[in-house]
Amino acid sequence: MQNSHPDRWVPVGLEAQFMPASSHPVVVDGFGLAVWRGENGAIQVWEDRCPHRGMRLSFGFVEGNSLTCLYHGWNYRQNGQCSSIPAHPDLDPPGTICTKSFVTRCHRGTVFANLAPEPVSGFPSVDEAGWMPVRSVYLNVPEKRVREYILAGQGTLGPGFTQTEFDNYESGPDAGDRTAIAIQPIDDNHCAIHVTRSGRDTDIYASLKLARRLVRARREIEAF
Amino acid sequence: MSVTDDPVALNQWIACAYVGQVTPGKSYDTAMLGQAIRISCALDGTCTCHEIGDDGGPGRQLPLSQRFEILFTTLGDTPRQLPDIPEFAEADRRVANCASVGLHASPFRIVENFLDMAHFCFVHKDILGSMEKTEVFTYKTEHRKDVDEIWATDCAFFQPAASTSAAEKGGGQVTYYKYRVMSPFSVMLYKTVYGNAERDDAICLFIQPKSETECIAYMPMAILDDQSTMTQIIDFQQTIFLQDRIILENQRPVLLPLTPSAEIPTKADVSSIAFRRWLKGMGMRFGILQEQAA
């Protein structure tokens with residue numbers, strides 16, 4: 001199948017959301033991804049489809065640092081290689097049996113992936129410390145509407161957001177507090193925003209207050 | 001939704017209801033291959049079937065055939081005949097009408113799941129397979145040209161609880177299977193009976209594709225079991241099927257890819273390879289992923 005994804009870094013979720021030894025479905029531009037994390041903490045972003053019979057790998061289970069497909073138990077290492085096929089226990093699976101994987105990086109507490117066949121688009125080589133997860137909000141609007149709302153600066157999130165790399169947004173510093181918003185396009189009518197913050201106030205209540213404002217913002221955006 | 005123009009799909013007898021589903025005096029609307037249809041039951045119990053016209057009223061009448069506890073109809077003029085299954089007439093068998101289950105999946109993914117043994121240890125863990133014995137031993141597959149059916153024979157799998165009776169008695173055993181694909185939307189298996197080496201249980205799966213991606217599955221069976229209640233028999237079958245449904249609704253792409261490089265089979269998958277080759281050979285387009293020309 002042709003890979004016609006654009007060369008850009010898209011957020012798939014908050015780093016804190018992906019617990020070790022878990023697997024999650026994420027959709028970007030209508031394309032299904034399985035985002036999973038080994039017990040060693042390493043995050044993988046793969047096409048959500050086992051190469052055997054197409055079962056979604058996001059339904060798979062993680063033990064140690066490998067992901068097992070729920071249908072026939074094919075087991076995959078973090079590098080995407082199939083390591084065992086239970087129907088043939090004596091078979092060493094050939095190297096051609098592997099999942100389709102995409103590059104992934106973390107930045108400001110958010111997990112990003114680039115789905116292009118040959119991603120060359122740059123990514124900061126150093127992450128920034130001190131970014132705390134706030135929450136993700138899933139919206140029934142195209143991403144364009146969220147961008148318009150943020151730049152209009154009228155609603156509960158207020159003004160002061162500027163565009164950053166990867167077409168995301170940040171505000172502040174405002175009394176030392178900064179908010180980062182990363183936008184994930186899900187499909188033509190749905191998107192998600194993943195929000196983290198950094199500041200002197202590391203108390204969770206500051207993040208909870210912002211999380212509540214984000215839920216109010218969703219109502220405003222969907223009516224915008 | 002509009003009816004398919006694929007003559008291979010149209011010329012099949014397809015299940016549209018189970019016996020007892022439509023109450024006398026009532027009718028039941030459903031769909032087949034994209035065509036809206038209605039099954040009406042008169043007060044004396046006789047049923048008729050019609051296409052539903054654009055105005056919502058009855059259109060062309062369709063033939064109805066009652067076999068194996070199922071009502072079948074066809075949209076084609078020269079439908080492929082379904083074979084006899086003598087087990088359904090044997091007096092000492094329990095004939096279970098397991099009603100129907102709806103699911104969002106391609107009919108051919110459902111057939112392949114039915115033919116597959118490699119998933120027993122995972123999807124039907126501790127019932128049809130266990131993690132101690134996951135190996136699928138080599139079995140035979142053939143296209144029986146005289147009847148134009150796909151058969152898989154010499155299939156064997158160790159099962160902790162292969163049926164209601166085996167589950168109750170706590171005995172694991174090697175179960176022997178034969179699989180038979182009788183038409184693109186109909187498949188059955190014969191499996192060893194717990195404690196009886198001579199005869200097999202017959203379990204059928206008839207699929208009604210409402211569209212390419214939505215189906216209703218009917219699973220009538222004719223089995224040798226004088227211990228279990230009918231409720232236990234039906235519960236067992238539905239448990240198995242609902243476990244499979246989780247998989248079937250989450251396979252991608254939804255339509256069946258026929259290009260060999262799309263999905264990677266192993267020796268355990270020879271029956272599905274034969275099935276896909278058969279579908280390709282008969283020119284089936286309905287439910288099949290049409291690849292873009294490069």
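Numbered from 1 within each chain, the chains take letters A, B, ... in sequence-line order.
- With rounding to the nearest 0.5 Å, the separation of CH2 in A/Trp74 from CZ in B/Phe122 is 11.5 Å.
- By the 6.0 Å contact criterion, NZ on B/Lys178 is open, its count of non-hydrogen atoms from other residues, nucleotides or ligands being 12 or less.
- Heavy-atom contacts from other residues, nucleotides or ligands closer than 6.0 Å to CZ of B/Arg277 number 12 or fewer.
- Contacts with chain A were tallied for B/Pro257, B/Ser261, B/Pro265, B/Cys121; B/Pro265 has the most, counting heavy-atom pairs under 4.5 Å.
- To the nearest 0.5 Å, atoms NE2 (A/His88) and CD (B/Glu135) are separated by 8.0 Å.
- Of the atoms belonging to B/Lys133, not a single heavy atom falls under 4.5 Å from chain A.
- With a 6.0 Å radius and a threshold of 12 heavy atoms from other residues, nucleotides or ligands, A/Asp92 has its CG atom at or below the threshold.
- Crowding of A/Leu151 atom CG: a count of heavy atoms from other residues, nucleotides or ligands under 6.0 Å exceeding 12.
- The shortest side-chain heavy-atom distance between A/His52 and B/Glu263 does not fall under the 4.5 Å cut-off.
- Annotation: the span from A/Met55 atom CE to B/Glu249 atom CD amounts to 10.5 Å, rounded to 0.5 Å.
- In this structure, no portion of A/Leu91 lies under 4.5 Å from any heavy atom of chain B.
- Within the 4.5 angstrom heavy-atom criterion, only side-chain atoms of B/Asp116, from C-beta onward, approach chain A.
- For A/Ser58, no part sits under 4.5 Å from any heavy atom of chain B, backbone or side chain.
- A/Arg53 has its side chain within reach of B/Ser272: a pair of non-hydrogen atoms, C-beta onward, lies under 4.5 Å apart.
- Under the side-chain contact (heavy atoms from CB on, under 4.5 Å) test applied with A/Tyr71, the options B/Ile246, B/Ile247, B/Asn250 reduce to a single match, B/Ile247.
- Atom CD1 of A/Ile97 sits about 8.0 Å away from atom OG1 of B/Thr266, to the nearest 0.5 Å.
- Across all non-hydrogen atoms, the minimal contact from A/Pro89 to B/Thr134 is CG-OG1, 4.1 Å.
- Here CZ of B/Arg252 is found 12.0 Å from CZ of A/Phe31. Values are rounded to the nearest 0.5 Å.
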